[in-house]
Amino acid sequence: MATLQGLPAGSVGARESLAEQLALLPACGISGVVAWSDWAAIRAAGLVPHAMGRIDSPDDAEALIASHVDAGVASTTLHVGSAFDDDDTLNRFAGALLEAAARHGHTVLVETHRATVTQDAWRTLRWVERFPDLRFSLDASHWVVGGELDYGGGFADRLTLFDPVLRRSPMVQGRIASGGAIQVAVNDPGPWRAHAIALWTRAFALRRQDAPNQSIAFCPELLPHVAGEAWFGYAPVRRCTDAPSGLEETTDRFTEALRLFDLADTCAVSAVDFSLELRR
């Protein structure tokens with residue numbers, strides 16, 4: 001849903017209302033939407049709603065997940081805690097999430113995201129070792145930029161370290177990041193697009209290996225630079241005196257999202273062969 005937020009008037013996906021924007025998606029081959037709210041509108045457009053949410057304490061998990069189940073959403077993706085939470089708190093978060101997921105028979109995913117308990121990749125991997133039943137909504141862009149994964153040209157060597165999270169990610173959020181920017185254009189020069197393709201292909205292959213009969217959701221999430229009073233700082237911009245806030249986005253996020261879907265399709269095909277290689 002974030003991709004639809006604050007689209008400039010010239011965007012292919014800009015419309016007067018959210019309902020009109022959602023109505024565009026089925027014809028693009030999109031079957032579901034991840035959103036913090038407006039699940040009824042998503043369902044009315046013939047799409048499957050997946051919920052987003054945030055918990056600041058393990059005690060918040062049960063009530064929020066129960067509310068999502070009552071709303072009839074297909075899954076819940078959560079921003080969990082903060083990067084300053086200690087391991088004891090992480091353990092309590094895991095227990096609360098796993099218990100609520102089991103109690104309600106509901107898919108609960110932890111998003112890999114800066115400023116949350118998954119900000120640090122190393123600590124997230126240790127968390128998975130302690131709680132292997134955790135499942136993730138993989139937004140690898142936060143680790144690409146936050147951990148500068150290509151530092152010293154070492155992306156390929158570091159990629160396999162993420163396998164425990166990749167194989168536990170039934171949802172992959174689509175965004176290409178660089179070593180210094182959270183959101184770059186799909187066709188920007190540099191190694192970033194190739195890195196994203198390698199990462200998504202590996203994630204699809206490992207998930208296919210572990211859960212061959214389960215689907216994998218690919219969800220582009222391209223945030224604006226600014227929307228109304230909310231400053232995100234994600235979309236690349238340039239100065240433009242005629243634009244609101246004096247800045248204009250340099251890409252059409254709606255078109256970029258469709259390009260990401262095309263990339264993901266390519267990754268899914270490649271993942272079939274890669275899965276066979278992993279079995280050898």
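- With sequence neighbours left out, Arg43 forms a salt bridge (charged side-chain N to carboxylate O under 4.0 Å, His left out) with no residue at all.
- Considering His68, Glu99, Glu62 as possible partners of His104, the one that fulfils the side-chain contact (heavy atoms from CB on, under 4.5 Å) test is Glu62.
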Pairs of donor and acceptor atoms involving the side chains of residues 24-42, under 3.5 Å and at least two apart or interchain, shall be tabulated with distances.
from  : atom 1 : to    : atom 2 : distance (Å)
Trp39 : NE1    : Ala35 : O      : 2.9

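- The salt bridge (charged side-chain N to carboxylate O under 4.0 Å, His left out) check on Arg15 picks up nothing, with sequence neighbours excluded.
- For residues 152-163, the pairs satisfying side-chain hydrogen bond (donor to acceptor under 3.5 Å, both in side chains) are Asp163-Arg202, with sequence neighbours left out.
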Could you list the donor-acceptor pairs under 3.5 angstrom formed between side-chain atoms of residues 222-234 and any protein atom two or more places apart in sequence or on another chain?
from   : atom 1 : to     : atom 2 : distance (Å)
His225 : ND1    : Ala235 : O      : 3.2
Tyr234 : OH     : Arg114 : NH2    : 3.4

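- The closest side-chain heavy-atom distance from Asp242 to Glu248 is not below 4.5 Å.
- Relative ring orientation between Phe261 and Phe218 is described as perpendicular, the plane-to-plane angle rising above 60° on a 0-90° scale split at 30° and 60°.
- Judged as a ring pair (Phe, Tyr, Trp, His ring centres under 6.0 Å), and not counting sequence neighbours, Phe254 has no contacts.
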Please assess Trp127 against Phe93 for the test ring-ring contact (aromatic ring centres under 6.0 Å, His included), listing each intermediate value before the final yes or no.
CA-CA 10 Å; Trp127 197 32; Phe93 269 124; 7.6 Å; no
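- Within the 4.5 Å cutoff, no side-chain heavy atoms of Arg239 are placed close to those of Thr241.
- Using a cutoff of 4.0 Å between basic side-chain nitrogens and carboxylate oxygens, Glu129 and Arg126 are scored as salt-bridged.
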